[in-house]
Amino acid sequence: RPRAGSWERGAGRAARAAGRGVRQGTPSPVPEACQSGSAGAAFRLWGGALRRAPVLSLPGAATAVTPVTRDQALASSQRLKIETPELQGSINLTGAQLDDLHLTQYRETIDPKSPTIVLLSPAGTPNAFFAEQGFVGATGTVARLPDSKTVWQAPADAVLSVGKPVTLTWDNGAGLIFTRQISIDDHFVFSVTQAVQNNSAAPVALIPYARVQRQDTPVIAGWWVFFEGMLGVLGDKLQEINYSDVQGAKEPTRIDSQGGWLGFTDKYWAAALIPDQKEPFRAMYSGVKARDVTEKDAFQTDYLRGAVIIPPSARKGVEGHLYAGAKQATLIDGYEAKLGIAQFDRMIDWGWFYFLTKPMFYLLDFLNGLVGNFGIAILIATLLVKAVVFPLANKSYASMSKMKKLQPEMLKLKELYPDDKMKQQQGMMELYKKEKVSPISGCLPVVVQIPVFFSLYKVILTSIELRHAPFFGWVHD
């Protein structure tokens with residue numbers, strides 16, 4: 001949970017700032033962007049204390065929407081191009097939404113001419129999937145704020161690429177200038193620094209938010225071996241929430257945390273919000289079901305941070321990150337260390353035997369680096385595992401061999417006491433004791449080996465690194 005008093009201190013500053021605005025003649029209704037009745041993570045600032053209440057909703061929070069085609073959506077808005085060695089797509093300047101993203105290193109099938117994987121798509125399109133960051137106003141803030149319909153300005157011919165960030169701007173015409181600097185690394189992490197220059201005469205209290213929304217209920221494999229759905233690590237605890245759970249819930253799931261992340265995961269791909277790991281925030285998982293065929297199901301993960309107070313003639317900003325791409329284990333571990341993200345590696349479903357499954361992956365990855373073929377790496381790993389568990393397996397075989405030798409004696413006991421089960425059991429126990437054999441000693445070593453080989457199976461099944469990996473000859477996948 002957040003540090004005691006951190007929310008209250010931020011709320012007190014926001015309430016005092018809002019109060020000064022009212023005293024200076026500024027009206028204080030709830031901002032238009034926050035008057036939506038849609039489901040959203042909610043706060044209420046009042047009397048210097050932060051109270052949970054369904055007052056503030058995120059712009060465009062999870063609500064059923066009208067379907068459109070992908071081509072129609074892309075053509076109907078101004079866009080900023082994204083181009084990196086691993087990603088291609090665009091940012092929708094209406095709402096500054098990241099809603100068009102292709103993973104150029106991955107294709108739908110093993111055919112090299114098949115389409116690349118489409119991860120993100122605009123709202124209203126089939127399987128829409130998009131991310132957004134912004135501000136909502138604290139109670140008492142009446143300034144016009146950017147929302148999902150705001151058209152942002154971008155530099156002419158700007159392209160977002162590695163080492164070349166872009167800055168979007170929007171002026172509300174009343175003294176507030178909003179900027180969003182967006183950068184991307186050489187893989188899958190977007191960094192968004194949103195700032196506000198307050199040129200008005202009164203302080204402004206704003207609450208930063210970020211969200212990822214998904215429309216249409218995703219088709220999942222449904223295997224118990226790996227999880228697909230809404231997930232995250234909040235309050236040092238892994239959260240795995242099924243789509244059906246949020247659709248059937250009366251209230252969204254809200255969790256307070258400091259550090260962690262949240263988002264959506266498929267078998268091989270994920271989109272996850274990464275807040276500032278040193279600041280407390282409130283996360284939410286929500287979902288709504290379409291009322292008829294003209295609407296779409298919608299699911300959303302989002303978070304709200306504490307209020308930011310911007311005095312007159314001052315500029316303040318906040319930073320957040322978004323991971324959108326393939327679930328590469330080494331890459332995710334690198335981000336966990338670099339950005340200090342709590343348990344970011346749990347984005348990959350290593351399962352119950354985490355302590356075995358993850359090392360098993362790194363063994364396969366190491367062997368693949370040596371031999372250049374995951375198929376050969378699997379064969380070598382299997383031999384190595386068999387060599388490690390050989391003492392257990394040998395003990396099991398030896399025990400079964402002794403039990404086999406006792407079979408004639410056990411048959412004699414049954415013939416000697418055909419109707420007396422008690423005498424048979426007593427005779428068998430004496431045989432076991434005399435020959436120093438345990439009936440479970442042959443099974444126990446096998447039970448111990450099961451988690452090891454299950455871990456190998458899970459790595460082979462779920463690792464993106466093995467997807468479409470070729471073997472030899474006619475075995476291309």
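With respect to Arg214 and Asp266, a salt bridge is recorded, a charged nitrogen being found less than 4.0 Å from a carboxylate O. A salt bridge is absent between Lys81 and Asp100; no separation between the charged side-chain nitrogens and carboxylate oxygens falls under 4.0 Å.
Aromatic pair Phe264/Phe299: centroids not less than 6.0 angstrom apart. Within the 6.0 Å centre-distance limit, the rings of Trp269 and Tyr106 are counted as a close aromatic pair.
For the residue pair Tyr243/Glu228, the side-chain donor-acceptor check at 3.5 Å is not satisfied. With no hydrogens or angles considered, a side-chain donor-acceptor pair links Asp185 and Tyr335 at under 3.5 Å.
Considering only heavy atoms from C-beta on, Phe226 stays 4.5 Å or farther from Thr265 through its side chain. Taking 4.5 Å as the limit, every side-chain heavy atom of Ile182 sits out of range of all side-chain heavy atoms of Leu80. At a threshold of 4.5 Å between non-hydrogen side-chain atoms, the residues Asn198 and Leu176 count as touching. At least one side-chain heavy atom of Phe281 sits under 4.5 Å from a side-chain heavy atom of Leu234. Side-chain contact between Gln239 and Leu262 is absent, with no heavy-atom pair separated by less than 4.5 Å.
In this structure, NE2 in His476 is found 11.0 Å from CG in Asp111, a value given to the nearest 0.5 Å. Atom CG of Leu119 and atom OH of Tyr268 lie 15.5 Å apart (nearest 0.5 Å).
Annotation: Gln78, atom CD; neighbour count of heavy atoms from other residues, nucleotides and ligands within 6.0 Å does not exceed 12. Environment of OH in Tyr354: crowded, with over 12 heavy atoms of neighbouring residues, nucleotides or ligands closer than 6.0 Å. Within a 6.0 Å sphere centred on CG of Asn242, other residues, nucleotides and ligands contribute more than 12 heavy atoms. Shown here is Phe471, whose CZ atom has more than 12 heavy atoms of other residues, nucleotides or ligands within 6.0 Å.
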Take Thr330 and Asp333, measure what side chain to side chain donor-acceptor pair (under 3.5 Å) needs, and give me the verdict at the end.
CA-CA 5 Å; Thr330 54; Asp333 283 348; over 6 Å; no
Kindly indicate, with the supporting measurements, whether the criterion side chain to side chain donor-acceptor pair (under 3.5 Å) is fulfilled by Arg107 and Ser114.
CA-CA 6 Å; Arg107 297 190 176 272; Ser114 65; 5.2 Å; no
What's the verdict on side chain to side chain donor-acceptor pair (under 3.5 Å) for Gln97 and Glu132, showing C-alpha distance, side-chain angles and the deciding distance?
CA-CA 5 Å; Gln97 293 179 346; Glu132 177 188 87; 2.9 Å; yes
